[in-house]
J.: 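Take a look at the following structure, please.
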Amino acid sequence: MAVIYLAGGCFWGIQGYFDKLKGTLYSQVGYANSAVRNPSYEFVCSGNSRAAEALELYYDENLLPLREIVGRFLSIINPCALNFQGNDIGTQYRNGVYFVRESDESIIRESLRQWEKKHNAKAVTEVEQLQNFYPAESYHQKYLEKNPLGYCHIDIESALKLWND
């Protein structure tokens with residue numbers, strides 16, 4: 001079992017997408033790399049926490065390797081968007097991949113380089129070691145599962161189909 005933290009706009013869609021993948025063992029949404037301890041959603045939205053809305057993803061490396069996770073992640077966000085995704089605007093919606101194991105950094109960076117080369121574009125996705133992670137309030141957890149018609153900047157079903165084709 002391994003863990004990675006993914007930030008790419010509203011965390012509801014990131015969780016909704018990755019929860020559908022074989023190899024996902026556990027996920028929860030929350031706030032990564034915050035400058036304050038245990039920030040609330042409202043405080044994160046103020047921009048004063050410096051936290052990113054993120055998904056904590058525990059996964060089975062044999063079924064879902066990190067290289068595939070990063071590739072899938074980059075396919076569902078706009079890696080070139082600075083501090084926004086879809087209609088979500090603010091530093092809390094920035095793109096980032098936050099790692100715990102130092103050995104993961106080279107895989108993440110190489111995946112980003114490959115994406116940039118393929119798309120002839122410069123990504124602004126942060127790649128940093130995780131400093132902290134605070135779980136979001138309970139109403140945010142599995143939000144799209146509880147609210148299937150809730151807003152999401154990711155078309156989850158189309159993204160799953162495109163990756164599998």
Side-chain angles (χ1 to χ4, degrees), residues 1-34 44 47 50-133 136 140 143-144 150-165:
M1 181 168 62
V3 65
I4 196 72
Y5 297 80
L6 305 170
C10 175
F11 46 26
W12 298 340
I14 304 291
Q15 183 176 45
Y17 177 82
F18 280 95
D19 278 357
K20 293 186 178 289
L21 301 183
K22 186 176 182 179
T24 293
L25 302 175
Y26 172 79
S27 74
Q28 71 174 333
V29 295
Y31 314 112
N33 290 359
S34 178
V44 169
R50 295 195 312 243
E53 286 195 15
L55 173 69
E56 178 182 55
L57 178 66
Y58 283 89
Y59 62 98
D60 181 332
E61 296 176 277
N62 296 314
L63 297 174
L64 189 58
L66 180 58
R67 190 171 312 283
E68 181 178 339
I69 289 171
V70 175
R72 284 178 173 273
F73 173 67
L74 296 173
S75 77
I76 62 172
I77 66 163
N78 177 353
C80 301
L82 183 61
N83 298 328
F84 77 94
Q85 288 292 312
N87 295 327
D88 300 317
I89 300 170
T91 57
Q92 72 272 23
Y93 298 119
R94 69 186 179 274
N95 304 322
V97 181
Y98 308 107
F99 58 91
V100 175
R101 296 183 305 194
E102 288 184 20
S103 60
D104 288 348
E105 183 177 11
S106 61
I107 295 167
I108 297 162
R109 290 193 185 281
E110 179 57 29
S111 296
L112 265 173
R113 277 192 294 277
Q114 289 175 1
W115 184 93
E116 289 176 328
K117 185 176 179 180
K118 179 179 178 182
H119 295 89
N120 194 27
K122 179 70 177 143
V124 295
T125 304
E126 293 179 335
V127 177
E128 295 179 1
Q129 190 156 29
L130 182 77
Q131 302 302 312
N132 54 56
F133 179 82
H140 287 297
Y143 184 85
L144 293 177
Y151 165 76
C152 185
H153 66 283
I154 300 167
D155 182 343
I156 295 172
E157 295 308 319
S158 293
L160 289 166
K161 186 177 182 326
L162 281 175
W163 186 269
N164 293 326
D165 283 349

J.: Of the options E128, E126, E56, which is the one that meets Y98 in a side chain to side chain donor-acceptor pair (under 3.5 Å)?
T.: E126
J.: Got a second to check how far F133's CZ is from Q28's CD, nearest 0.5 Å?
T.: 5.0 Å
J.: With no hydrogens and no angle check, is any side-chain donor or acceptor of N132 less than 3.5 Å from a backbone partner on N33?
T.: yes
J.: Just say parallel, tilted or perpendicular for the rings of W12 and Y143, cut-offs at 30° and 60°.
T.: parallel
J.: Between Q92 (side chain only) and E53 (backbone N and O only), is there a donor and an acceptor less than 3.5 Å apart?
T.: no
J.: Hey, could you give me the CZ/OG1 distance between R109 and T125, rounded to the nearest 0.5 Å?
T.: 11.0 Å
J.: Is there a side-chain contact between R72 and F18, using heavy atoms and a 4.5 Å cut-off?
T.: yes
J.: Between L6 and I77, is any pair of side-chain heavy atoms under 4.5 Å apart?
T.: no
J.: Of all heavy-atom pairs between A7 and F73, which one has the smallest distance, and what is that distance?
T.: O-CZ, 3.1 Å
J.: If you round to the nearest 0.5 Å, how far is CD1 of I69 from OH of Y59?
T.: 4.5 Å
J.: Tell me the closest heavy-atom pair linking G23 and L63, and the distance in Å.
T.: CA-CB, 3.8 Å
J.: Give the minimum heavy-atom separation between Q129 and E102, together with the two atoms involved.
T.: NE2-CG, 4.1 Å
J.: By side-chain contact (heavy atoms from CB on, under 4.5 Å), which residues pair with I154, not counting sequence neighbours?
T.: I14, I76, C152, I156
J.: Could you grab the distance from atom NZ of K118 to atom CG of L74, nearest 0.5 Å is fine?
T.: 10.5 Å
J.: Taking all atoms of both residues into account, what is the closest heavy-atom pair of H153 and G8, and its distance?
T.: NE2-O, 3.0 Å
J.: May I ask you to check whether over 12 heavy atoms, not counting those of R50, lie within 6.0 Å of atom CZ?
T.: no
J.: For the CD1 atom of I107 and the CD atom of E105, what is their distance to the nearest 0.5 Å?
T.: 11.0 Å
J.: Does E110 pair with R113 as a salt bridge, N-O distance under 4.0 Å?
T.: yes
J.: Measure across F11 and G30 and return the closest heavy-atom pair with its distance rounded to 0.1 Å.
T.: CD2-O, 3.5 Å
J.: Let me confirm one number: the CD1-CG distance from I4 to L57, rounded to the nearest 0.5 Å.
T.: 8.5 Å
J.: Indicate every side-chain donor-acceptor pair of residues 80-91 with a distance under 3.5 Å to a residue at least two apart or in another chain.
T.:
unit_1, atom_1, unit_2, atom_2, d
Q85, OE1, N78, N, 2.9
Q85, NE2, N78, O, 2.9
Q85, NE2, N95, OD1, 3.0

J.: If you look only at pairs with a residue in residues 6-20, which of them pass as a salt bridge (charged side-chain N to carboxylate O under 4.0 Å, His left out), with sequence neighbours excluded?
T.: D19-K142, K20-E157
J.: Is there a side-chain contact (heavy atoms from CB on, under 4.5 Å) between Y26 and V3? Walk through the geometry before answering.
T.: CA-CA 9 Å; Y26 172 79; V3 65; over 6 Å; no
J.: When you look at L21 and L160, which way does the side-chain contact (heavy atoms from CB on, under 4.5 Å) test go after all the steps?
T.: CA-CA 9 Å; L21 301 183; L160 289 166; 3.5 Å; yes
J.: Looking at every heavy atom in both Y93 and C10, which two are closest together, and how far apart are they?
T.: CD2-N, 3.7 Å
